[in-house]
Amino acid sequence: GTGSAAAVPINADFDIAYVTPVTLGTPPQTLQLDFDSGSSDLWVFSSHLPTSQIRGQQIYAPNKSSTAKLLDGHSWSITYGDGSGSRGNVYTDNVTVGGLTVGSQAIECAQQVSSSFTTEDHIDGLVGLGFSTLNTVSPKSQLTFFDNAKSNLDSPVFTADLKYKQAGTYDFGFIDEAKYTGEITYVPVNSDPGYWTFPSSGYAVGSGNFTASSISGIADTGTSLVYLPTAIVTAYYRQVQGATNSRSYGGYVFPCASTLPTFTFGVGAARFTIPAAYLNYAPVTPGSATCFGGLQSSSGVGINIWGDVALKAAFVVFNGGNPPTIGWAAK
Ligand SMILES: CCCC[C@H](NC(=O)[C@H](Cc1ccccc1)NC(=O)N1CCOCC1)C(=O)N[C@@H](CC1CCCCC1)C(O)(O)C(F)(F)C(=O)NC
């Protein structure tokens with residue numbers, strides 16, 4: 001089988017995250033979930049949450065689904081890189097994404113969410129697309145939607161075609177040739193950390209020379225920006241008039257009117273260029289003349305992250321075969 005669903009930016013002014021409609025249970029309950037290759041829990045706002053923690057989000061009510069089953073004695077708790085988190089209990093139920101259905105998928109029902117989830121009313125939960133080793137359900141960890149679907153997929157892959165300020169798609173089980181140009185360059189994935197970790201072959205700032213250097217990082221649909229080693233990031237902002245690394249704003253900022261160079265990264269012999277517009281990410285506060293960069297240092301993060309700012313410059317194949325690989329193509 002196959003599936004195909006839209007990835008819709010949740011904010012009209014800048015691409016902070018993308019959500020995809022997912023139907024759960026019988027009769028179907030549809031929630032807008034953030035597909036996240038950087039984690040491996042499928043969790044949802046639920047009827048088990050205190051109403052004080054719900055602010056407009058859609059919820060999943062397992063007791064309204066004839067096919068929901070409590071996973072007795074199981075719980076989950078997750079904390080993300082940005083400090084947000086959630087926890088709760090676990091049911092299994094049918095989950096459908098873009099025509100692709102998984103029966104008895106673990107649906108982690110939130111009983112508590114951190115304030116940043118409560119205030120983000122466009123995200124009703126997450127679908128983890130990382131490796132199932134990262135799943136936080138205890139005492140028995142659960143499989144991701146992709147891992148559960150894999151044996152029924154025409155091909156054990158999902159693809160991300162994220163777009164700048166417009167809807168893109170997540171496809172499951174097939175590679176849509178109409179979504180990319182040229183060849184797909186595949187490189188090995190190290191799944192041991194549980195992320196889609198792959199080697200990049202180097203970078204260039206604007207029209208400057210390409211610097212060959214092996215950079216290990218994760219392809220992460222759930223992270224808004226790109227986080228790379230400080231040496232690369234300082235080389236980039238040296239080319240931006242008025243750029244400073246602001247402690248108060250937590251990263252590199254510059255006058256919104258500044259001309260930004262593009263940023264090119266290598267995957268094997270292939271080269272992908274992130275347009276300047278993607279790197280002029282957003283005003284630090286609405287209407288400010290100071291803007292926050294889409295490329296930031298990974299020194300405070302601990303790993304290099306190729307987030308949405310990079311992913312939307314390419315068509316990316318997450319190949320869950322044995323061994324896993326990741327493919328990048330222009331579009
Ligand atoms: C700097 C290190 C990574 C930070 C990363 N978060 C982000 O990138 C959040 C995402 C977000 C979207 C909408 C509303 C609120 C937050 N954006 C963010 O911090 N910013 C601040 C900088 O400007 C851009 C927006 C993260 O934790 N990503 C998680 C998944 C997100 C968690 C919060 C809700 C949205 C999904 C991740 O799973 O991808 C992870 F891999 F980073 C992770 O923590 N895995 C365990």
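Looking at Pro199 and Ser214, their side chains come closer than 4.5 Å, going by heavy atoms from C-beta outward. Side-chain contact between Trp196 and Asp220: absent, with no pair of heavy atoms (C-beta onward) separated by less than 4.5 Å.
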Problem set entry | side chain to side chain donor-acceptor pair (under 3.5 Å) assessment of Ser40 paired with Asn135 | CA-CA 5 Å; Ser40 306; Asn135 180 265; over 6 Å; no
For this session: Could you give me the CA-CA distance, side-chain angles and deciding distance for Asp41 and Ser39, then say whether side chain to side chain donor-acceptor pair (under 3.5 Å) is met?
Result: CA-CA 6 Å; Asp41 285 47; Ser39 66; over 6 Å; no
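Hydrophobic side-chain contacts under 4.5 Å tie Tyr186 into a cluster, directly or through other members, with Val157, Ile175, Tyr180, Ile184, Phe315, Val317.
If you check the side chains of Thr230 and Ser297, you find a donor sitting under 3.5 Å from an acceptor.
For the ring pair (Phe, Tyr, Trp, His ring centres under 6.0 Å) criterion with Phe265, the lone passing option out of Tyr203, Trp306, Phe198 is Trp306. The side chain to side chain donor-acceptor pair (under 3.5 Å) test with Gln105 is passed by exactly one of Thr144, Thr92, Asn148, Asp147: Asn148. For the side chain to side chain donor-acceptor pair (under 3.5 Å) with Thr101, the qualifying choice from Thr23, Asn152, Asn94, Thr96 is Thr96, the only one to do so.
Put simply, the side chain of Ser46 gets close to the backbone of Ala110: a donor and an acceptor are under 3.5 Å apart.
For Asp171, the salt bridge (Lys or Arg N to Asp or Glu O under 4.0 Å) criterion is met by Lys179, not counting sequence neighbours.
You'll find the ring centres of Phe45 and Tyr60 outside the 6.0 Å limit.
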